[in-house]
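Structure, as structure tokens:
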Amino acid sequence: MKRVLFGLSLALLASGTVHAADLGGKLLKVGSDTTSPPMESIDTATGQIVGFDVDVVNAVCAKINCKAEFVTTGWDGIFAALDQGNFDFVASGVSITDERKKAMDFSEPYIVNSQAILMRVEDEGSSVDDFKSKGKKLSAQANTTDAQVAEDIVGKDNVAAYDSFSASVIALKNKDVDGVVINGANAAAYEKEFAGELVVPIRNLQSDPLGLVFRKGDENVAAFNEGIEAIKKDGTLDALISKYWGVK
């Protein structure tokens, strides 16, 4: 990971004591796709949902006196499920965009991520210009900023959007597409998972701030913003970044 991915968390906040809100020990349900290590995934040994987002939410809850219960929910329906009240907020590596802000409320960003391209080992010498000029095809998970980045690179006609990341990988392995646009924070995990088959030679395509997602008008947004500020200020967030990516 390059330092630019995490620039947001490096900046020290203004001096002074952070007085975080108190949610009175409230249990909050958290929707998450749980298919994107190290952001969030299911530990096959324990069956528990684990990852960076999980640790961030738990750290924030420790500051503002709440408890989090993560609920696995497919990405394609995660925001609709939030609106329907199936859980209280979403923590799933969600990029903050102007379009999304029209329909939902975000916390302040807790990390900055950038997109990357997963491709077959034999094609790792390909550049972004090769994708643009040689009619190469990209895939991505549908309704994500990854899919939008793919369209920006090769045009809509050369993008195959799938409901799941696994379907995109199958398309790549079958040579139906030449690359998969992914969350750059997941690059190392995918290179490990698909060692010898797939690599991530193209990184830092577009930087996006990530935030927690709430229903419009949710009063808990302010409390979580205070909690995020607190874990930035006391070094907890930098420690978590170091835990997962080995950098501050």
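Everything numeric in this text was worked out from a predicted model, so none of it was measured.
Here the closest non-hydrogen pair linking L138 and I117 is CD2-CG2, 4.0 Å. Taking both residues in full, the closest heavy atoms of P109 and I96 are given as CG-CD1, 3.8 Å, listed atom of the first, atom of the second, then distance. Considering all non-hydrogen atoms of both residues, A223 and L23 come closest at CB-CD2, 3.9 Å. Contact detail for N113 and A185: the closest heavy-atom pair is OD1-N, 2.9 Å. In this structure, V181 and A150 approach most closely via the heavy-atom pair CG2-CB, 3.7 Å. The nearest pair of heavy atoms linking S139 to V177 is OG-CG2, 3.7 Å.
By the neighbour-count criterion of 12 heavy atoms within 6.0 Å, atom NZ of K216 is densely surrounded, having more than that number from other residues, nucleotides or ligands. Around the CG atom of D123, the shell of radius 6.0 Å holds more than 12 heavy atoms that belong to other residues, nucleotides or ligands. Other residues, nucleotides and ligands contribute at most 12 non-hydrogen atoms within 6.0 Å of the CD atom of E219.
Both I111 and I228 sit in one connected hydrophobic cluster of ILVMFWY residues. Membership requires side-chain heavy atoms under 4.5 Å apart, directly or through other members. Cluster annotation: I241 and Y244 are assigned to the same hydrophobic cluster (Ile/Leu/Val/Met/Phe/Trp/Tyr, side-chain heavy-atom contacts under 4.5 Å, transitive). V57 and V94 are assigned to two separate hydrophobic clusters, defined by single-linkage of ILVMFWY side chains at heavy-atom distances under 4.5 Å. Under the 4.5 Å side-chain contact rule for hydrophobic residues, F89 and I49 share a cluster. One hydrophobic cluster holds both L28 and F70 under the rule that ILVMFWY side chains link at heavy-atom gaps under 4.5 Å.
Side-chain contact of S207 with S114: a donor-acceptor pair under 3.5 Å is absent, judged by distance alone. At a cut-off of 3.5 Å, with distance as the only test, a side-chain donor of Q148 or D152 sits close to an acceptor on the other residue. At a cut-off of 3.5 Å, with distance as the only test, a side-chain donor of D22 or N65 sits close to an acceptor on the other residue. Judged by distance alone, the side chains of Q115 and N204 never bring a donor and an acceptor atom under 3.5 Å apart.
For S107 (side chain) and G211 (main-chain N/O), no donor-acceptor pair under 3.5 Å exists by modelled atom type. Side chain of R215 to main chain of D105: no donor-acceptor pair is present (N/O by atom type, distance under 3.5 Å, no hydrogens or angles). With hydrogens and angles ignored, the 3.5 Å screen pairs no side-chain donor or acceptor of W75 with any backbone N or O of D163. Listed for the E40 side chain is no donor-acceptor partner under 3.5 Å among the backbone atoms of D53. The closest donor-acceptor contact from the side chain of S32 to the backbone of A91 lies under 3.5 Å. When atom types are taken as modelled, the side chain of S164 and the backbone of A167 share a donor-acceptor pair closer than 3.5 angstrom. Counting only distance, with no hydrogens or angles, the side chain of Y162 and the backbone of A140 share no donor-acceptor pair below 3.5 Å. Here the side chain of D43 pairs a donor or acceptor atom with the backbone of A45 at under 3.5 angstrom.
Residues L27 and E69 meet the side-chain proximity criterion, which asks for heavy atoms closer than 4.5 Å. The closest side-chain heavy-atom distance from K137 to D176 is not below 4.5 Å. Here the side chains of M119 and V180 are not in contact, with every heavy-atom distance at 4.5 Å or above. Under the 4.5 Å side-chain criterion, counting only non-hydrogen atoms from C-beta, S95 is in contact with L210. Residues T34 and S41 fail the side-chain proximity criterion, which asks for heavy atoms closer than 4.5 Å. The side-chain heavy atoms of D55 and K243, taken from C-beta on, include a pair separated by under 4.5 Å.
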**Request:** Would you check, one step at a time, whether the test side chain to side chain contact (heavy atoms under 4.5 Å, CB included) holds for I42 with T72?
**Result:** CA-CA 9 Å; I42 297 176; T72 295; 3.9 Å; yes
**Request:** Check step by step if side chain to side chain contact (heavy atoms under 4.5 Å, CB included) holds for E229 and N225.
**Result:** CA-CA 6 Å; E229 182 180 2; N225 283 341; over 6 Å; no
**Request:** In sequence, state the C-alpha distance, the side-chain angles, and the governing distance for K136 and S126, and then conclude on side chain to side chain contact (heavy atoms under 4.5 Å, CB included).
**Result:** CA-CA 10 Å; K136 291 180 177 291; S126 297; 3.9 Å; yes
**Message:** Assess the residue pair S127 and D129 against the criterion (side-chain hydrogen bond (donor to acceptor under 3.5 Å, both in side chains)); give the C-alpha distance rounded to whole Å, side-chain angles, the decisive distance to 0.1 Å, and a yes or no.
**Reply:** CA-CA 5 Å; S127 66; D129 285 340; 5.0 Å; no
**Message:** I'd like to know whether I231 forms a side chain to side chain contact (heavy atoms under 4.5 Å, CB included) with V60, so could you lay out the CA-CA distance, the side-chain angles of the two residues, the decisive distance to 0.1 Å, and finally the verdict.
**Reply:** CA-CA 7 Å; I231 67 169; V60 170; 3.8 Å; yes
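Taking a cutoff of 4.0 Å between a charged side-chain nitrogen and a carboxylate oxygen, D88 and K26 do not qualify as a salt bridge. A salt bridge links R120 and D178; the closest N-O separation between the charged side-chain nitrogens and carboxylate oxygens is under 4.0 Å.
Test F224, F79, F106, F87 against F214 for ring pair (Phe, Tyr, Trp, His ring centres under 6.0 Å) and you get one pass: F224.
One distance of note links CD of E226 with CD1 of I64; it measures 8.0 Å at 0.5 Å rounding. The CG atom of N143 lies 8.5 Å from the CZ atom of R100; values are rounded to the nearest 0.5 Å. Distance CG/L237 to OG/S242: 11.5 Å, rounded to 0.5 Å. In this structure, the separation between CG on L118 and CD1 on I182 is 5.0 Å, given to the nearest 0.5 Å. Distance check, rounded to the nearest 0.5 Å: CG of D146 to CD of Q141 gives 8.0 Å. Interatomic distance, OG1 of T73 versus NZ of K29, reported as 10.5 Å (0.5 Å rounding).
Between Y190 and F165, the ring planes are parallel. Angles under 30° get that label, and only those over 60° would be called perpendicular. Between Y110 and F52, the two ring planes are tilted [angle within 30° to 60°].
Listed by chain and residue number, R203 satisfy the side-chain hydrogen bond (donor to acceptor under 3.5 Å, both in side chains) test with E191 (two or more places apart in sequence, or in another chain).
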